[in-house]
Amino acid sequence: MAQARNLDAADLALLNKDGPLPLAAADQMSENVIGTFGLPLSVALNFVVNGKEYVVPMAIEEPSVVAAASNAAKLAKASGGFKAAYTGSIMIGQVQLVQVKDMEEAKKKLEKNKSKIIEQANSDAKYLTAYGGGVTALQWRVILTDRGQMLIVEFLVNVVDAMGANMVNTTLERMAPTLEEMTGGKSRLKILSNLATQRMASATAVWKAEDIGGADVAEGILDAWTMAMADPYRRSTHNKGVMNGIDAVAVALGNDWRAVEAGAHSYAALKGAALTTYKLDADGNIEGKILLPLAVGTVGGSMKANPAAAMCQRILGAKTSGELAQVMAAVGLAQNFAALRAMASEGIQKGHMRLHARHIAMSAGASEVEVDEVVKRMTAGNAINEAGAKKALDEMRKAKGKN
Ligand code: NAD
């Protein structure tokens, strides 16, 4: 992988270290830092998105996520991989105006001065415009709340390759006095919305029925998905499965995964729908699609401060936030498909518990060299649990004369 992804000696040294984030860097990144916190860093393989092959870094502790994503991507490869799209990096920033005396007059003034406000927002704003970004539109809504009417002015901001929260929030704070003057209101909140409906990523893929266990498995996937569309309790878990993959990529690439999570789940709630859709094509194959807001960046935030995140960016090789979002959408679809397929056939526990067995063996005290043997013994004895691990470890050590 070092050769294929052009990793240099410093990257390899980082990967070989226990904990690639230096304490001094961590101390600069947050407050009251007492150490660093590790997660397994893996790579998902076989991802072909818009004809380009990707090695996808994933930071996650949950077993079987990486294997499932890689497997679903491999099966999709047989039909050409994932076709993905991106609407552009437009974030919505909101300024809340309260105590507006004449709403109609305020709205008229905003309409009349719309282009002036946009021009002002983009002037002297190199942080926003230097890379081709800037405010592209202005819109407003009056909302009725328990504390009366409020005027919400929304800036649509092209943040190009950044996640964009700081870029948007800075713009809103700069513009609030102008809006106060124009509307006669008092500005309170000036903050971006994580419901990034102007920054949508989508991906589609086809899985051949013969590759996934036949027509009944395909029908089972449709039944599973239809339940998620109809029932919010199932939908929550369905969408969590999507985010298993997307979050792991966001963490590895130093992105704000809370923002990604907030956007995805609020979009699902807004639509009252699952983040993925499935149907059978004319040949009885499963065609899957994912559509969700994805506010992720390849620049900004703490990305460069964390050397592991910077290296993961190089491993993935996504040059723009749009390219990154499309790969993440493909990962979310693959992850969700893998879970539905497992549940529609053998169930997820067999595969999951086989991998989880390693955690159990380690918790029972197995050393790194003992783990494989303990797992083998637990599996053979059909006792993948703490007692099974302790028994297996005991027997194994006795046999080797260690106890
Ligand atoms: P940022 O403040 O680092 O801004 C990005 C910088 O990158 C800008 O200065 C920009 O000029 C520069 N840049 C260089 N090349 C660029 C390119 N090609 N495209 C765009 N910009 C380019 O980071 P940000 O992305 O504005 O904000 C992200 C951070 O904000 C994250 O750390 C996030 O956790 C945090 N945050 C999130 C929320 C929220 O989600 N609700 C709220 C506040 C802050």
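Note that ligands are numbered from 1 as they come in the structure, with each ligand's atoms numbered from 1 the same way.
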ask   = Which atoms of ligand 1 are found less than 4.0 Å from any heavy atom of Tyr127?
value = 8 (C), 10 (C), 11 (O)
message = Can you tell whether the side chains of Lys107 and Glu111 come within less than 4.0 Å, N to carboxylate O?
response = no
remark   = Ranked by distance from atom 38 (C) of ligand 1, the top protein heavy atom is Ala165 CB, 3.5 Å
task = Find all atoms of ligand 1 within a distance of less than 4.0 Å from any non-hydrogen atom belonging to Ala259, and give their numbers and elements.
result = 40 (O)
task = For Asn169, take its heavy atoms, then give the atoms of ligand 1 lying under 4.0 Å from any of them.
result = 42 (C), 43 (C)
task = For atom 22 (C) of ligand 1, find the nearest protein heavy atom and state the residue, atom name and distance (0.1 Å precision).
result = Tyr131 CD1, 3.5 Å
inquiry  = I want to check something: taking the side chain as every heavy atom from C-beta on, are Leu110 and Leu151 in contact at a cut-off of under 4.5 Å?
reply    = yes
Per-atom contacts of ligand 1 with Leu192, taking only distances under 4.0 Å to non-hydrogen atoms = 38 (C), 39 (C), 41 (N), 42 (C)
task = May I ask whether atom 17 (C) of ligand 1 is less than 4.0 Å from at least one protein heavy atom?
result = yes
task = Provide the number and element of each atom of ligand 1 under 4.0 Å from a heavy atom of Val159.
result = 19 (N), 20 (C)
message = Using a 4.0 Å cut-off to any heavy atom of Met163, which atoms of ligand 1 qualify?
response = 25 (O), 28 (C), 40 (O)
query = Can you tell me which residue and heavy atom of the protein come closest to atom 34 (O) of ligand 1, and the distance to 0.1 Å?
reply = Asp256 OD2, 2.6 Å
message = List ligand 1 atoms under 4.0 Å from Asn194, heavy atoms only on the residue side.
response = 39 (C), 40 (O), 41 (N)
ask   = Should the proximity of Leu128 to ligand 1, defined as any heavy atom under 4.0 Å, be assigned to the side chain, the backbone, both, or neither?
value = neither
query = Which residue supplies the protein heavy atom nearest to atom 32 (O) of ligand 1, what is that atom called, and how far is it?
reply = Gly301 CA, 3.6 Å
query = Can any side-chain N or O of Asp283 pair as donor or acceptor with the backbone N or O of Asn285 at less than 3.5 Å?
reply = no
Protein heavy-atom partner closest to atom 7 (O) of ligand 1 - residue, atom, separation in Å = Val299 CG2, 4.2 Å
ask   = What part of Val168 sits under 4.0 Å from ligand 1 if we count only heavy atoms: the side chain, the backbone, both or neither?
value = neither
Atom 29 (C) of ligand 1: the protein heavy-atom neighbour that sits closest, reported with distance to 0.1 Å = Asn166 ND2, 3.6 Å
Side-chain donor-acceptor pair present, Gln326, Tyr54, cut-off under 3.5 Å = no
